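Working notes, structure below.
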Amino acid sequence: MATKHFDSENAPTVTREDLVELLNEDLAREYQAIISYVVYSQVLKGAQYMNIAAELEIHAGQELQHALMIAKQIDYLGGMPKVTPKPVKTSDKAEDMLRFDLENENETIRNYRLRVRQCEALSEYALAEQIRDILVQEQDHQIALATALGLEVPDVTKPQRR
Ligand SMILES: [Fe+2]
Ligand SMILES: [Fe+2]
């Protein structure tokens, strides 16, 4: 029944309990990323996709590191890391797979940007710092996928009005 308060940037002020829940959502997205990169990196076919397939394999390992970091933070906050990934879409078309990955990375970046601010609002500066480190890699993933698809890097800041 608690009322949510909003700061000037429209970032909801969260409690530590809220933060545990939100980090568990992030963890479910990391599991989703691990699974999709494991599968897509192996099934992507076509000469033009060989470079990106090798890159996706590297992403898979990085997503595992992110999952470990997020699980550690959940434990630090006194929560229990959840075990269920967000659903992973499948397709036999290379372009679809890359597009699904790009959409997921966009969503992940949007969430982590907000999470940094939420952690800082709770004075959890070290946690915010770790999420910033993850963000750097997620943005690299986003750029690699957009480039492979021949797209501009999506501006995920747009939905948040200034
Ligand atoms: Fe990740
Ligand atoms: Fe990623």
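Atoms within each ligand, like the ligands themselves, are counted from 1 in listed order. Quantities reported herein were computed from a predicted structural model and do not represent experimental measurements.
The N, O or S atom of Glu63 lying closest to the Fe ion (ligand 1) is OE1. Among heteroatoms of the N, O or S kind in His141, ND1 lies nearest the Fe ion (ligand 2). The N, O or S atom of Glu30 lying closest to the Fe ion (ligand 1) is OE1. The Fe ion (ligand 2) lies closest to atom OE2 when only the N/O/S atoms of Glu105 are considered.
More than 12 heavy atoms of other residues, nucleotides or ligands shown are found within 6.0 angstrom of CD on Glu103. When the shell of 6.0 Å around CD of Gln48 is examined, it contains more than 12 heavy atoms from other residues, nucleotides or ligands.
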field: Verdict with supporting geometry, Lys82 and Glu25, salt bridge (charged side-chain N to carboxylate O under 4.0 Å, His left out)
entry: CA-CA 9 Å; Lys82 296 219 171 112; Glu25 291 289 304; 6.0 Å; no
task: Check the pair Glu138, Arg113 against salt bridge (charged side-chain N to carboxylate O under 4.0 Å, His left out), reporting the backbone distance first and the verdict last.
output: CA-CA 11 Å; Glu138 307 296 16; Arg113 283 182 179 171; over 6 Å; no
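When OE2 of Glu138 and ND1 of His66 are joined through the Fe ion (ligand 1), the resulting angle is 90° to the nearest 10°.
When each of Asp92, Leu44, Leu56 is paired with Met97, the side-chain contact (heavy atoms from CB on, under 4.5 Å) condition holds for Leu44 and for no other.
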